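Below: one structure, written as structure tokens.
This is a predicted model, so every value here is computed, not measured. Letters A, B, ... are given to chains in the order of the sequence lines, protein chains preceding strands, and every chain is numbered from 1.
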Amino acid sequence: MSSVRVRFAPSPTGFFHIGSARTALFNWLYARHTGGVFVLRIEDTDKERNTEESLQILLDGMKWLGLDWDEGPDVNGDYGPYFQSQRTSIYQEYLKKLQDAGRTYERDGAIFFRLEGERYSEFDDYKKCEIEKVRAAPQVIDDKVRGRVERAEEKDFVIFRSNGEPVFHFVNVVDDIAMGITHVIRGEDHLSNTSKHCELFRAFGAEPPVFAHIPLILKSSGPGKMSKRDEGALIEDYEQNCYLPGAVRNYLCLLGWSPKDDQEIMAIDEIIDRFDFDGINQGNARFDEKKMAHINAEYIRQLPLETLAWMVSPILVKSGLMDTSSDEDYFQDVLRVSQEKMTALNTLPSLIGYFFTEDYPLDDKTRSRIFKKGDPVDRVIEFLSTMDGVDEFTSESIDAFFEDLSARNGFKKFEYFPVIRFAVSGTGGGPELLPMLEVLGKDRVKSRLECFIKKVS
RNA sequence: GUCCCGUUCGUCUAGUCAGGCCUAGGACACCGGGUUUUCAUCCCGGCAACAGGGGUUCGAAUCCCCUACGGGACGCCA
């Protein structure tokens with residue numbers, strides 16, 4: 001039995017940031033690795049930004065990534081409620097403890113937390129004014145990622161605003177105590193807050209949890225950490241763009257954590273098994289959309305055909321290429337020959353669209369390439385006029401037919417292939433030609449070739 | 001400005017804690033070749049890094065110090 005309790009404590013802001021998602025992921029991985037409990041706590045004290053919709057985006061994102069929580073919204077636990085907006089009485093109770101201990105005072109209507117130590121006054125270059133400082137004892141944390149970090153807080157800080165609401169540092173610590181959180185895994189941007197939090201833990205007579213400050217995700221180019229405006233920063237966009245959640249999750253695992261051998265594509269169970277603090281890096285990681293796309297492509301190509309089919313079907317329906325009455329066997333055949341060429345699901349309408357419509361566009365670049373030397377249409381006419389001789393329309397028989405044709409008239413196969421591909425698909429790429437022709441079927445190929453001849457003549 | 005954290009190919013990283021096994025490994029990207037007589041797949045090859053300077057040591061990517069650079073925090077935001 002494990003006693004580990006970790007939490008992810010997002011505040012709903014209307015989007016699910018990739019950095020938050022990775023923090024959630026690392027907490028989740030650690031909980032699953034240790035057999036501990038993963039708590040989802042919603043920090044919704046900022047009333048302005050917290051709407052029902054914002055919460056939904058967050059929960060959807062968590063579910064999409066497969067990060068299930070053991071306690072939190074919709075999942076009852078012994079430490080609820082899990083919305084900070086519903087915990088005001090708990091905060092009042094804890095505030096009273098500090099007040100009774102003489103660790104608070106009021107100024108300008110706000111309640112401050114009083115540090116212990118020698119007080120003095122100093123000009124603050126940052127705030128450009130004289131402020132009261134405190135020589136407090138340094139708080140030493142034994143960070144699981146960074147090792148020993150020592151920092152002294154030097155100013156009293158607000159714990160309740162003048163409007164009566166508690167601030168982040170206060171609720172965060174109180175909830176961690178009240179919810180029995182044992183390990184706090186969060187972004188490095190909180191490292192400097194940790195001395196504040198330790199002061200509070202100690203003032204409450206509680207031993208601080210184990211801290212692990214994970215590196216931040218930096219924008220792919222330019223300075224600074226990833227912000228919501230950067231390309232690829234929002235989890236909901238990946239869902240929108242038909243990324244596979246497992247691929248996104250796999251990539252996120254690799255940003256700031258390493259299994260230490262050269263493995264990259266890993267099943268989630270294996271990652272859970274191998275995930276631990278010593279695999280977490282100290283340096284920040286720069287986001288790389290190309291690598292993300294690469295891992296997504298690997299996942300797509302490994303997908304079982306049935307799974308691929310139900311993922312792709314709505315995409316094609318949406319783009320108007322397919323409807324519910326479409327031929328299921330044909331659809332599966334198309335996917336079977338095309339899967340190895342796929343790199344992204346949202347580009348599928350352009351990659352395999354021609355399988356589903358007779359009104360496919362002819363790519364200009366390919367057209368000029370094919371028509372550069374001589375008139376290849378003759379070849380199409382020739383093939384069309386003799387293709388009735390092919391009984392079974394399979395890769396093998398079509399291949400044999402071309403061999404035969406070549407032997408008779410002296411043309412090489414490659415003098416037929418490009419133009420025939422172009423004629424039946426309008427593109428210069430795609431699956432291997434012969435299997436593709438087989439899937440399209442004799443009738444479709446024949447009528448497309450006829451149309452093509454009319455179109456280009 | 002003050003405090004905290006960091007720094008290995010363009011990028012993610014292995015190697016650092018326990019100094020010799022490192023001629024520094026893998027992956028993405030890029031470049032070249034091949035397969036596929038197509039391509040956005042696949043295979044092979046190539047390019048490319050220990051931030052700089054001082055120490056310690058027989059020996060330093062690895063330990064120590066300094067500098068530079070990067071990141072973060074310094075809110076009655078979270």
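In this structure, A:F170 and A:F160 have perpendicular ring planes: the angle between them is above 60°, well past the 30° mark. Ring planes of A:Y416 and A:F402: tilted class, angle from 30 to 60°.
As rounded to whole Å, 14 Å separates atom C1' of B:G70 from atom NZ of A:K219. Put simply, CE on A:M436 is 18 Å from P on B:U41, counting in whole angstrom units. What separates CG of A:D124 from C1' of B:G75 is a distance of 13 Å, to the nearest Å. Between the NE2 atom of A:H213 and the P atom of B:G6 there is a distance of 13 Å, given to the nearest Å. Distance CD (A:Q339) to C1' (B:C42): 14 Å, rounded to an integer number of Å.
Comparing the same atom, P, in B:C12 and in B:G32 gives a spacing of 25 Å after rounding to whole Å. For the C1' atoms, the distance from B:U62 to B:C50 is 10 Å, rounded to whole Å. Distance check on atom P: B:G19 versus B:C64 gives 12 Å, rounded to whole Å. Nucleotides B:C21 and B:U16, compared at atom C1', are 15 Å apart to the nearest Å. Straight-line distance between the P atoms of B:A60 and B:A24: roughly 16 Å, to the nearest whole Å. B:C63 sits 5 Å from B:C17 when the P atoms are compared, rounded to a whole Å. Here the separation of B:C22 from B:A61, taken at their C1' atoms, is 9 Å to the nearest Å. A gap of 46 Å separates the C1' atoms of B:A40 and B:C4, to the nearest Å.
Environment of CD in A:Q240: sparse, with no more than 12 heavy atoms of neighbouring residues, nucleotides or ligands closer than 6.0 Å. A 6.0 Å sphere centred on CD of A:E52 holds no more than 12 heavy atoms belonging to other residues, nucleotides or ligands.
Inspection of the A:S20 and A:T23 side chains reveals no N or O donor paired with an N or O acceptor under 3.5 Å. Side-chain N/O atoms of A:Q139 and A:E153 include no donor and acceptor closer than 3.5 Å. Between the side chains of A:S397 and A:T394, at least one donor-acceptor pair of N or O atoms lies under 3.5 Å. Side chains of A:H213 and A:R186: a donor on one and an acceptor on the other come within 3.5 Å.
Taking all atoms of both residues into account, the shortest heavy-atom contact from A:C198 to A:I141 is SG-CG2, 3.6 Å. Residues A:F201 and A:P209 share a closest heavy-atom pair of CZ-CD, 3.3 Å.
In the region residues 189-202 of chain A, proximity to RNA chain B at under 4.0 angstrom, judged on heavy atoms, holds for A:D189, A:H190, A:L191, A:S192, A:N193. Contacts between residues 279-293 of chain A and RNA chain B, counted as heavy-atom distances below 4.0 Å, involve A:N281, A:Q282, A:G283, A:N284, A:A285, A:R286, A:D288, A:K290, A:K291.
A salt bridge does not link A:R7 with A:D175: none of the charged nitrogens is closer than 4.0 Å to a carboxylate oxygen. Contact check on A:D156 versus A:R107 returns no salt bridge, with no Lys/Arg side-chain nitrogen under 4.0 Å from an Asp/Glu carboxylate oxygen.
Side chain of A:K155, nearest nucleotide from B:C76, B:C74, B:G71: B:C74. If you check B:C74, B:A78, B:C5 against the side chain of A:V149, the one that comes closest is B:C5. Ranking B:A78, B:U41, B:C12 by closeness to the A:F168 side chain, first place goes to B:A78. When distances are taken from the side chain of A:H169 to each of B:A73, B:A78, B:G15, the shortest belongs to B:A78. For A:R151, taking side-chain heavy atoms from C-beta onward, the closest of the listed nucleotides B:C4, B:A14, B:G71 is B:C4. Distances were taken from every side-chain heavy atom of A:D262 (C-beta onward) to each of B:U41, B:G26, B:G72; the shortest belongs to B:G26.
The phosphate of B:G71 (OP1 or OP2) has no side-chain N or O of A:R146 nearer than 4.0 angstrom. Within the 4.0 Å cut-off from OP1 or OP2 of B:C77, at least one side-chain nitrogen or oxygen of A:R161 is found. Phosphate proximity of B:A73 to A:K225: present, with a side-chain N or O under 4.0 Å from OP1 or OP2.
As judged by a 4.0 angstrom heavy-atom cut-off over every strand, A:G256 is placed among residues touching the sugar-phosphate backbone only. Among the protein residues, A:P223 comes within range of the sugar-phosphate backbone only, with heavy atoms under 4.0 Å from sugar or phosphate atoms but none that close to a base. If you check every strand for non-hydrogen atoms under 4.0 Å, A:Q263 touches nothing. Here A:G187 lies out of heavy-atom contact (under 4.0 Å) with every strand. Here A:S162 lies in heavy-atom contact (under 4.0 Å) with a base. Heavy atoms of A:R186 sit nowhere under 4.0 angstrom from any nucleic acid atom. Within 4.0 Å (heavy atoms only), A:L351 reaches at least one base atom of the nucleic acid.
Pairing of B:C39, defined by two Watson-Crick or G-U wobble distances under 3.5 Å, is not identified with any nucleotide. In this entry B:C58 has B:G20 as its Watson-Crick or G-U wobble partner, both defining distances falling under 3.5 Å. In this entry B:G46 has B:C30 as its Watson-Crick or G-U wobble partner, both defining distances falling under 3.5 Å. For B:G1, the paired base is B:C74 (Watson-Crick or G-U wobble, both distances below 3.5 Å).
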